[in-house]
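Reading through the structure tokens given below for one structure.
Atoms within a ligand are numbered from 1 in the order they appear, just like the ligands themselves. Worth knowing before you read on, the calculation uses all heavy atoms, side chains too, and leaves out hydrogens, waters and symmetry mates.
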Amino acid sequence: MLVKSLHRYYLLGSCLLLAGLLVFHSTTPEKDFPQETVVSSITNSANQPILPILPYISANQTKVQLGEKLFHEPMLSENGRVSCSSCHNLKTAGHDGLPTSIDIRGGMDELNTPTLFNASLNYSLSWTGHIKTLEEQIETVMHNPKHMGSSWERAMGRMRADKTYQGLFQSIYPDGVTDEAVIDALSEYERTLITPDSPFDRYLKGELNAINKQAKAGYELFKSYGCISCHQGQNVGGQLFAKFGLFRSFFNEKDKLTNADLGRYRVTGKAVDRHVFRVPSLRNVARTAPYFHDGSITTLPDAVRYMGDLQLGRRIPDEDVGLIVSFLESLTGIYQGRAL
Ligand code: HEC
Ligand code: HEC
């Protein structure tokens, strides 16, 4: 499902971004949208730059159940104490709520843990977007000394000795407990971690009272300021790459630059990729504080102010910030019958 050709998206993304900035940067956002105008603009969600999330029903529920068990399985980590859910806690919106994750040895990572909800809808994975598929990401995280810090040999040795796992794997995979099977079940489970039916999605689908007046006005501002040129599509982001700090540097204010602050430069080695990051999804963003790759910004209104300043060269007045936040709050979706 994940698009392989990142390069094409990078180019497409750059064009959309430029077009978006040209159009939006020069327009002054209107205030006081008459209710009718906003309502009548949502007649067909296919014309909107944001699309509703579609439910994902796996064809193999047994595989999903195994994947869920593996997601919480500490045997997969080097010290036998850390599982995917230690950092991507589904009870707290799929992340750990910390500025940067605590690595497996108890030290601080340099990166904020992204939520796993809707990660399968991103065109590329990680803050630098250098990982293309959920399967590839599991390979990476298993060997990442800060995350699982393990090797397949060691992890599989432990799991093969476990009678329950032997039975569970045998019932789906003829070769039993293997790294390929772990990757397959785990990634299928991750695909089920999506949050459709947010109030905003219901609104897009025609339920005009699903969001309030403030959120509607916030959506219009989100478009007219130009946020939409980067945060768009089904995941309201996750599609493009952009330099963090187009109009002003975020990093001049920092006491000490970390390796992670270099962005895609770390993975491509190209000067143009310095401080370039994958534009993150804004789905459930009201539940995923703190913000940015280094988790340095604590509140959503502040994140919105920084975006106006750094990405659009605009100081967004407080009233507009409040409306945009109302819109962003309407992006909180439903998982297993409950809002995140
Ligand atoms: C010690 C904390 C930690 C653990 C344990 C951990 N992760 Fe992560 N995860 C992170 C951090 C931090 C990132 C961001 C890494 C980056 O951008 O390079 C991340 C990124 C991801 C992403 C990319 C999300 C996106 O939208 O780009 C996926 C998918 C993911 N992890 C899945 C897993 C799975 C599956 C496991 C268990 C096998 C796991 N993680 C274990 C901290 C952790
Ligand atoms: C030029 C592209 C671009 C534009 C325009 C843009 N953003 Fe962003 N946005 C990004 C990038 C890139 C990041 C990730 C920055 C980082 O942490 O390194 C980001 C991060 C965010 C975050 C934090 C998400 C998280 O999970 O940490 C929020 C909230 C946000 N943007 C909202 C907005 C709003 C609101 C606007 C309009 C006022 C906007 N953005 C305009 C590219 C853009």
Salt bridge between [X] and [Y], side-chain N to carboxylate O under 4.0 Å?
X: Arg105; Y: Glu78; result: yes
X: Asp261; Y: Arg274; result: no
X: Asp273; Y: Lys270; result: no
X: Glu135; Y: Arg191; result: yes

Suppose I only count heavy atoms of [X] and a 4.0 Å limit; which atoms of ligand 1 are within that range?
X: Lys146; answer: 1 (C)
X: Glu190; answer: 29 (C), 32 (C), 35 (C)
X: Ile102; answer: 1 (C)
X: Arg278; answer: 25 (C), 26 (O), 27 (O)
X: Val82; answer: 5 (C)
X: Asp109; answer: 12 (C)
X: Trp127; answer: 14 (C), 16 (C), 17 (O)

Ligand 2 contact by [X], heavy-atom criterion under 4.0 angstrom:
X: Phe277; value: yes
X: Leu300; value: yes
X: Tyr306; value: no

Nearest neighbour of [atom] from the list [options], on a heavy-atom basis:
atom: atom 40 (N) of ligand 2; options: His231, Arg305, Arg283; value: His231
atom: atom 11 (C) of ligand 2; options: Pro280, Ala303, Ala242, Ser229; value: Pro280
atom: atom 26 (O) of ligand 2; options: Phe241, Phe250, Tyr225, Tyr291; value: Tyr291

Report the protein N/O/S neighbours of atom 8 (Fe) of ligand 1 that fall below 2.8 Å; do not count waters.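 Checking every protein N, O and S atom gives His88 NE2.
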Can you tell me if Cys227 has an N, O or S atom under 2.8 Å away from atom 8 (Fe) of ligand 2?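 Coordinating: no.
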Taking 2.8 Å as the cut-off, does Met307 contribute an N, O or S atom near atom 8 (Fe) of ligand 2, distance below it?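 An N, O or S atom of Met307 is closer than 2.8 Å to atom 8 (Fe) of ligand 2, so yes.
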Considering non-hydrogen atoms of the protein only, which is the closest contact for atom 23 (C) of ligand 1, and what is the distance?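 Of every protein heavy atom, Ser126 N, 3.9 Å lies nearest to atom 23 (C) of ligand 1.
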Please state which part of Ile297 comes within less than 4.0 Å of ligand 2, counting heavy atoms only: side chain, backbone, both or neither.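 No part of Ile297 is near ligand 2 at this cut-off.
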Under 4.0 Å from ligand 2, counting heavy atoms only, is it the side chain of Asp294, its backbone, both or neither?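 It is neither part, as no heavy atom is under 4.0 Å.
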Would you say Asn235's side chain and Gly237's backbone share a donor-acceptor pair under 3.5 angstrom?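 Looks like no, no N/O pair under 3.5 Å.
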Please work out whether any backbone atom (N, CA, C, O) or any side-chain heavy atom from C-beta onward of [X] is under 4.0 Å from ligand 1, and answer side chain, backbone, both or neither.
X: Ile104; result: neither
X: Ser83; result: backbone
X: Met148; result: side chain

Interatomic spacing from CG in Leu121 to CD in Gln239 - rounded to 0.5 Å: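 Rounded to the nearest 0.5 Å, the CG-CD separation comes out at 10.5 Å.
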To the nearest 0.5 angstrom, please state how far the SG atom of Cys227 sits from the CG atom of Leu221.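 Going from the SG atom of Cys227 to the CG atom of Leu221 covers 8.5 Å.
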Should Leu328 be counted as touching ligand 2, given the test is an N or O pair under 3.5 Å?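 No - when backbone and side-chain N and O of Leu328 are compared with those of ligand 2, no distance drops under 3.5 Å.
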Please confirm whether Thr288 comes within less than 3.5 Å of ligand 2 when only nitrogen or oxygen atoms on both sides are compared.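 Among all N and O atoms of Thr288, none is under 3.5 Å from an N or O of ligand 2.
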Do Asn112 and ligand 1 have an N or O pair less than 3.5 Å apart?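 Among all N and O atoms of Asn112, none is under 3.5 Å from an N or O of ligand 1.
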Tell me, please, whether Phe71 has Lys69 positioned over its six-membered ring: NZ or CZ under 6.0 Å from the ring centre and within 45 degrees of its axis?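 That pair does not qualify as a cation-pi contact.
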So is Arg264 actually on top of Phe241's ring, under 6.0 Å and inside 45° of the axis?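 The answer is yes, since Arg264 meets both limits relative to Phe241.
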With sequence neighbours excluded, residues passing salt bridge (Lys or Arg N to Asp or Glu O under 4.0 Å) with Arg248: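 With sequence neighbours excluded, Arg248 shows a salt bridge (Lys or Arg N to Asp or Glu O under 4.0 Å) to Glu253, Asp309, given in chain and number order.
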Step by step, work out the ring-ring contact (aromatic ring centres under 6.0 Å, His included) result for Phe277 and Phe292. CA-CA 10 Å; Phe277 291 86; Phe292 299 144; 9.5 Å; no
